[in-house]
Every structure is written in C-alpha cells, then in structure tokens.
Amino acid sequence: MEKRKLGNSGLEVSALGLGCMRMSFGDSPIGDHQDMVDFIRKSVERGVTFFDTAEVYGPFTNELLVGEALEPFKGDVIIATKFGFNPDAEGKPRPGDPNSRPERIKQVAEESLKRLRVDAIDLFYQHRPDPKVPIEDVAGTVKELIQEGKVKHFGLSESSADLIRRAHAVQPVAALQSEYSLWWRNIEAEILPTCEELGIGLVPYSPLGRGYLTGKIDETTTFDSSDIRSKNPRFTAEAIKANRKVIELLERISGEKRATPAQIALAWLLAQKPWIVPIPGSRKLERLDENLGAVSIELSSDDLLEINEAISKIAVVGDRY
Ligand SMILES: NC(=O)c1ccc[n+]([C@@H]2O[C@H](COP(=O)([O-])OP(=O)(O)OC[C@H]3O[C@@H](n4cnc5c(N)ncnc54)[C@H](OP(=O)(O)O)[C@@H]3O)[C@@H](O)[C@H]2O)c1
C-alpha cells in the first residue's frame, strides 16, 4: 500500500491506518478476542502499518489487544496510543476528566509500554487538552520520555491552533489527531493551515462519520446502549434522515467512479493533503478491504470541486458529540 509521511517528523505509515477503538470500546460487542487479534493481523497482511489505540479504550483492553496482535510485527508497524485522563478509585482512566500532569503522563507511558509489549511507544498523543496543565509542561514531559527512549514521537488530539504552536515550540509535534470528514470540516479554517505551516501530519479520526458516510445507516438503524452513537445527536432518526443529502452526494460520485460511498469519503480526505492519514475503524474484513480500496481512487480537481461545492450547500443536522 502507498505510504505517507506524517509531516516533517519522518514517521512513515500506510496511507490508511486502522482505528482499533471499537474493537473493545464504544460499540456493540463483536466477535471474541481471538477474532479481533486475527483481524488486526490480516490488516497487516494487507499492508496496514499504522494502528490507533488509547489507554482509555476499554479502558486498557484495547491496548492489550493491539499489543498482542502486533507483537509478531514489532519494528514493522507503528502503534499510536494516547494519555491524558484522570484515574478513578480503581485506577481506571475516566474519559472527560483530563489529567496531563507530568507524573500521570509518565505513569501511563510505563503502563502502556507493558500493555503494548513494545520497548518504545511509536506515537504518544495527548488525548484531550488539560486546562489545568500548561501545554509546555506536557510537551516537556513527552520530550523527556523521548530522551529516555520510551517514546519516539509526540502527538496531540483535538487541540487548538494556539496549543499546537506552544507544544511544538517545546517538542516538535509529529501528528495531530482530530475529527475530520466530509460532514465535519471545521478544522479547515485554522488547524489545517497551522499543521501545514509547522510540518505536522494530520490523522483524521471518525473519517467515515462513525459509519454514517458509508451510506449503510438509515433511520431504521438501531444502536446498542453500549454504542456511543446511541447518545450522539447526529444519530437520532431525525438527524439521520435529514443528513441523507450527504449520502446522496456520495452515492452520485461513487456511481461515476465505480466506487462505494465509504471509498469516496476516504479518497476525499486523502486528496486534501499528502500528509493526511485517516484511521477508519472496522471489525469486518469485507469492510476493511472496501476501505483500503480508497487508496487507489483518484479524485480529479474537477471531482473535488464538485464535491466541495455540493457539500458546502448542505447544512448538516446535529452536533458531532
Ligand atoms: N482522538 C480521539 O478523540 C478519537 C475519537 C474517536 C475515534 N478515534 C479513533 O478513530 C478511529 C475511527 O473512528 P470511529 O470508529 O469513531 O469512526 P469511523 O472510522 O468513521 O467509523 C467506524 C464505523 O464505521 C463502520 N464501518 C467502517 N467501514 C465500513 C464500511 N466499509 N461499510 C460500512 N460500515 C463501515 C464500522 O463498523 P464495524 O466496526 O462494525 O466494521 C464502525 O461502526 C477509532 O477507532 C479510534 O482509534 C479517536
């Protein structure tokens, strides 16, 4: 598969990565542990070299799964994980309760190294900004971990342009992870130009709009209570119906290109910049193969113009969270 470099960091990964979160967190349970281990290994056979997880996914179980699955491929694949949440009384990180204090970052690094079965974390993202800790202290702590050989590259997730700049001045940021897709383009105004100026790679998460942009979700689709979409304002029956115009656009373009809506949604992201590496999540081989097919779809400048003009006329209904 085509490889891409994440900005100026020199970190080279497959043009599409694999988002592993839903294998253990935020979706209805699927398959057993061994099925997911096999699935991750089959994605490596297909050329995927970039895997996304986080301490908080599970918590812990997703890192354990990814670490086990990728152990035979040590040195050939890049594993990205994330720190940044406060532990509860049982020591489990709580999403929505940020903690990026230096001692907490160091503790998560030590524990993630063990769960991932690696000698160094390839890419260590701050999962969410922590208003109580200056970003310079966060970047300085990751810098120390890099100097100690425990981390290779520093990343941020859902950061502002100001925080990105301040962090980058202390420790170069290899990649920013942010939600970015045809139905969520807010980062284009300020964040994307900042990444371009500083030479930071962009890793769009939820690049398939949490599944919506594949066209396979409609107002009759139901979500298990364990599925984060059951509480997401964009996944109410009304919003799903109202946003159908986005799917009609994707279906029109995919018809012209003999592709699928999911492939056009990913090809559109890949066409934005050569340093963009989306991480679609999937747990089914036929979907993985469909998604990887996006890498060979060429969208011309006329195609991109047509998509951009059409999408700018659609007012997407529902908050993204
Ligand atoms: N930094 C952050 O704060 C943050 C936040 C959210 C996510 N992430 C990362 O980004 C990754 C991807 O995000 P995401 O899972 O939220 O959204 P996504 O990649 O946009 O969509 C994943 C959903 O689409 C379905 N899907 C995938 N390919 C499909 C296809 N070809 N046809 C039909 N359905 C398809 C998946 O179903 P199946 O799984 O059943 O195949 C899953 O329900 C996560 O795994 C995680 O690593 C990061």
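In this text, all values refer to a predicted model and were calculated from it rather than measured experimentally. Each ligand, and each atom within it, is numbered from 1 in the order the structure gives.
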Q.
Taking atom CD as the centre, does E298 end up with more than 12 heavy-atom neighbours from other residues, nucleotides or ligands that are less than 6.0 angstrom away?
A. no
Q. How does C20 reach ligand 1, if at all, at less than 4.0 Å between non-hydrogen atoms: by side chain, backbone, both, or neither?
A. backbone
Q: Report, in ascending order of atom number, the atoms of ligand 1 lying under 4.0 Å from any heavy atom of M21.
A: 7 (C), 16 (O), 44 (C), 45 (O), 46 (C), 47 (O)
Q. Quick one: does G209 get an N or O within less than 3.5 Å of an N or O on ligand 1?
A. yes
Q) Any side-chain donor paired with an acceptor under 3.5 Å for S100 and D130? A) no
Q. Can you tell which part of Q177 has a heavy atom less than 4.0 Å from ligand 1: side chain, backbone, both or neither?
A. side chain
Q. Just checking, any donor-acceptor pair under 3.5 angstrom between side chains of W268 and D303?
A. no
Q.
Looking only at the side chains, is there a donor atom on one of E111 and Q107 sitting less than 3.5 Å from an acceptor on the other?
A. yes
Q: Check whether NZ of the Lys or CZ of the Arg R22 lies under 6.0 Å from the centre of the six-membered ring of F39 and within 45 degrees of that ring's axis.
A: no
Q) Hey, is R4 close enough to E12 for a salt bridge, meaning N to O under 4.0 Å? A) no
Q. Hey, does the side chain of Y205 reach the backbone of P280 with a donor-acceptor pair shorter than 3.5 angstrom?
A. no
Q) Can you name the one residue among E63, R115, H127 that meets side chain to side chain donor-acceptor pair (under 3.5 Å) with T81? A) E63
(Q) Pairing donors with acceptors under 3.5 angstrom, does anything connect the side chains of D52 and Q177? (A) yes
Q. Do any nitrogen or oxygen atoms of R22 come within less than 3.5 Å of a nitrogen or oxygen of ligand 1?
A. yes
(Q) Out of R128, R229, E286, K216, who is nearest to atom 3 (O) of ligand 1 when you count heavy atoms only? (A) R128
Q.
If we only consider heavy atoms of H127, is any one of them less than 4.0 Å away from an atom in ligand 1?
A. yes
Q | Polar atom proximity, L208 to ligand 1 (N or O, under 3.5 Å) | A | yes
Q.
Under a 4.0 angstrom heavy-atom cut-off, which atoms of ligand 1 come close to R283?
A. 38 (P), 39 (O), 40 (O), 41 (O)
Q: Do me a favour and list the nearest non-hydrogen protein atom to atom 27 (C) of ligand 1 with residue, atom name and distance?
A: G281 O, 3.1 Å
Q) Touching ligand 1 at all, E158? Heavy atoms, strictly under 4.0 Å? A) no
**Q.** side chain to side chain donor-acceptor pair (under 3.5 Å) evaluation trace for S160 with D162
**A.** CA-CA 5 Å; S160 66; D162 175 53; 5.0 Å; no
**Q.** K82 to ligand 1, any heavy atom closer than 4.0 Å
**A.** yes
Q.
For L213, which part has a heavy atom under 4.0 Å from ligand 1: side chain, backbone, both, or neither?
A. neither
Q: Inspect the contact between R101 and D137 and indicate whether a charged nitrogen and a carboxylate oxygen are less than 4.0 angstrom apart.
A: no
Q. Do L285 and R46 have side-chain heavy atoms sitting under 4.5 Å apart?
A. yes
(Q) Just to be sure I read this right, does ligand 1 sit under 4.0 Å from the backbone of D52, its side chain, both, or neither, counting only heavy atoms? (A) both
Q: Please could you name the atoms of ligand 1 that S282 approaches to less than 4.0 Å, counting only its heavy atoms?
A: 27 (C), 39 (O), 41 (O)
(Q) Need the ligand 1 atom indices (1-based, order shown) with element for anything under 4.0 Å from a heavy-atom of D27. (A) 43 (O)
Q | Which segment of T260 sits under 4.0 Å of ligand 1 when only heavy atoms are counted | A | neither
Q.
So for Y57, does at least one of its heavy atoms come nearer than 4.0 angstrom to any atom of ligand 1?
A. yes
Q) Who gets closest to atom 24 (O) of ligand 1 by heavy atom: G211, S157, G26? A) G211
Q. Any idea how F235 and W183 line up, ring-wise: parallel (<30°), tilted (30 to 60°), or perpendicular (>60°)?
A. perpendicular
Q | Ligand-residue contact atoms, ligand 1 with P280, heavy atoms, under 4.0 Å | A | 19 (O)
Q | Side chain, backbone, both or neither: the part of E290 lying under 4.0 Å from ligand 1 by heavy atom | A | side chain
